[in-house]
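First the structure, in the form of structure tokens, and then the observations on it.
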Amino acid sequence: MLFHGDRSKPSFTTAHFRASSDVPDFLSSDWLESRRRRPFGPRLNFTAEEAVQYQLDALKYNDQPRQDYGVEVLYRFAGFDPFERSTYFGPFFDLGQFERFRRIFHHSTYRVLLGHKERKILSNLWVKEDRFKQRVWIRGSRPEEEETFEFTMVQRVGGSWDGYWLTESLHHDGDGFSGGLAY
């Protein structure tokens, strides 16, 4: 506030206040555009089945619009605490850094998901109202490459992710780490 003359009455100058009908004054001027460019990830209106479908679509087109974008999408859907070891892939791993998460897709049986050619839903199971499992058969891009995976989705209750479906785990049906892992 600027005071002119009489100190008991504030007077406002228009130079200090700008308003836009598109963007509320408490948001930055590029807020609307940034919402349009927001990275793909969990959305409140997704069902558990849709959340799995979107993740699989991202992995099918993994390198579009940039390298490993599909893996980034899965990382955004991941429901683990980045500060604790996780059983997201089965064994306990420290997945807090994206690079560790990404490496598992490139150096294990999970690589069949990257750029896969075909998939088929084998089964759906509602374990509880807020827990859903889906088994998916995947045909990879390399000859005779096929694997089966199980997504476990959980719907969060409370906090900033309240109502969102996040991936608790993505397990390979076999022993995907018996040959070792570049971790």
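FYI, side chains are in, hydrogens and waters are out, and symmetry mates aren't considered; it's all heavy atoms of this structure.
Summarising the geometry, atom OH belonging to Tyr69 is positioned 14.5 Å from atom OH belonging to Tyr61; distances are rounded to the nearest 0.5 Å. The distance from the CZ atom of Arg111 to the CD atom of Glu147 is 9.5 Å, given to the nearest 0.5 Å. In this structure, CD on Glu84 lies 12.0 Å from CG on Leu95, to the nearest 0.5 angstrom. Annotation: the span from Asp57 atom CG to Glu50 atom CD amounts to 11.0 Å, rounded to 0.5 Å. Atom CH2 in Trp165 sits 14.0 Å away from atom CG in Asn45 (nearest 0.5 Å). Summarising the geometry, atom CZ belonging to Phe101 is positioned 13.0 Å from atom CG belonging to Asp94; distances are rounded to the nearest 0.5 Å.
Note on Leu74 and Ile121: same hydrophobic cluster, where clusters join Ile, Leu, Val, Met, Phe, Trp and Tyr whose side-chain heavy atoms are under 4.5 Å apart, directly or indirectly. Both Val52 and Tyr75 belong to a common hydrophobic cluster when Ile, Leu, Val, Met, Phe, Trp and Tyr are linked at side-chain heavy-atom distances under 4.5 angstrom. Under the 4.5 Å side-chain heavy-atom criterion for Ile, Leu, Val, Met, Phe, Trp and Tyr, Phe93 and Phe151 are members of the same hydrophobic cluster. Hydrophobic clustering keeps Val154 apart from Trp161 (ILVMFWY residues linked when any side-chain heavy atoms are closer than 4.5 Å, directly or through intermediates).
Listed by chain and residue number, nothing satisfies the ring-ring contact (aromatic ring centres under 6.0 Å, His included) test with Phe77 (two or more places apart in sequence, or in another chain). For Thr87, the side-chain contact (heavy atoms from CB on, under 4.5 Å) criterion is met by Phe92, not counting sequence neighbours. Contacts of Glu49 classified as side-chain contact (heavy atoms from CB on, under 4.5 Å), with partners at least two apart in sequence or in another chain: Thr47, Trp126, Phe132, Gln134. Listed by chain and residue number, Phe80, Tyr88 satisfy the side-chain contact (heavy atoms from CB on, under 4.5 Å) test with Ala78 (two or more places apart in sequence, or in another chain). In terms of the side-chain contact (heavy atoms from CB on, under 4.5 Å) criterion, residue partners of Asp162 (sequence neighbours excluded) are, by chain and number, Val157.
At least one donor-acceptor pair under 3.5 Å links the side chain of Ser108 to the backbone N or O of Tyr110. Arg66 contributes no side-chain N or O that, together with a main-chain N or O of Gln64, makes up a donor-acceptor pair within less than 3.5 Å. The backbone N or O of Ala51 lies less than 3.5 Å from a partner atom in the side chain of Gln55, making a donor-acceptor pair.
The local environment of CD in Glu129 is sparse, with at most 12 non-hydrogen atoms from other residues, nucleotides or ligands closer than 6.0 Å.
Contact record, Val71 with Asn62: N-OD1, 3.0 Å, taken as the closest heavy-atom pair. The minimum heavy-atom distance between Gly79 and Leu166, with the atom names listed, is CA-CB, 4.0 Å. The shortest non-hydrogen separation linking Ala48 to Met153 is O-CG, 4.3 Å. Shown here for Lys60 and Lys117, the closest heavy-atom pair between the two residues is NZ-O, 3.9 Å. Shortest non-hydrogen contact noted between Gly115 and Ser141 is O-CB, 3.5 Å.
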Under the side chain to side chain contact (heavy atoms under 4.5 Å, CB included) criterion, do Leu56 and Leu113 qualify, and how do the steps go? CA-CA 8 Å; Leu56 287 169; Leu113 290 161; 4.1 Å; yes
Candidate pair Thr152 and Val127, rule side chain to side chain contact (heavy atoms under 4.5 Å, CB included), full reasoning: CA-CA 10 Å; Thr152 302; Val127 179; over 6 Å; no
Criterion side-chain hydrogen bond (donor to acceptor under 3.5 Å, both in side chains) on His106 and Arg102, from CA distance to verdict: CA-CA 7 Å; His106 287 279; Arg102 187 195 73 79; 3.3 Å; yes
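Pairs passing the salt bridge (charged side-chain N to carboxylate O under 4.0 Å, His left out) check and including a residue from residues 131-143, sequence neighbours excluded, read Glu118-Arg139, Arg131-Glu168, Lys133-Glu150, Arg135-Asp173, Arg139-Glu146, Arg142-Glu145.
Using cut-offs of 30° and 60° for the angle between ring planes, the Tyr54 and Phe40 rings count as perpendicular.
For the pair Arg76 and Pro42, the minimum side-chain heavy-atom distance is below 4.5 Å. You'll find the side chain of Phe105 reaches within 4.5 Å of the side chain of Leu170, heavy atoms only.
Taking the six-membered ring for Trp and the full ring otherwise, the centers of Phe149 and Phe89 sit at least 6.0 Å from each other.
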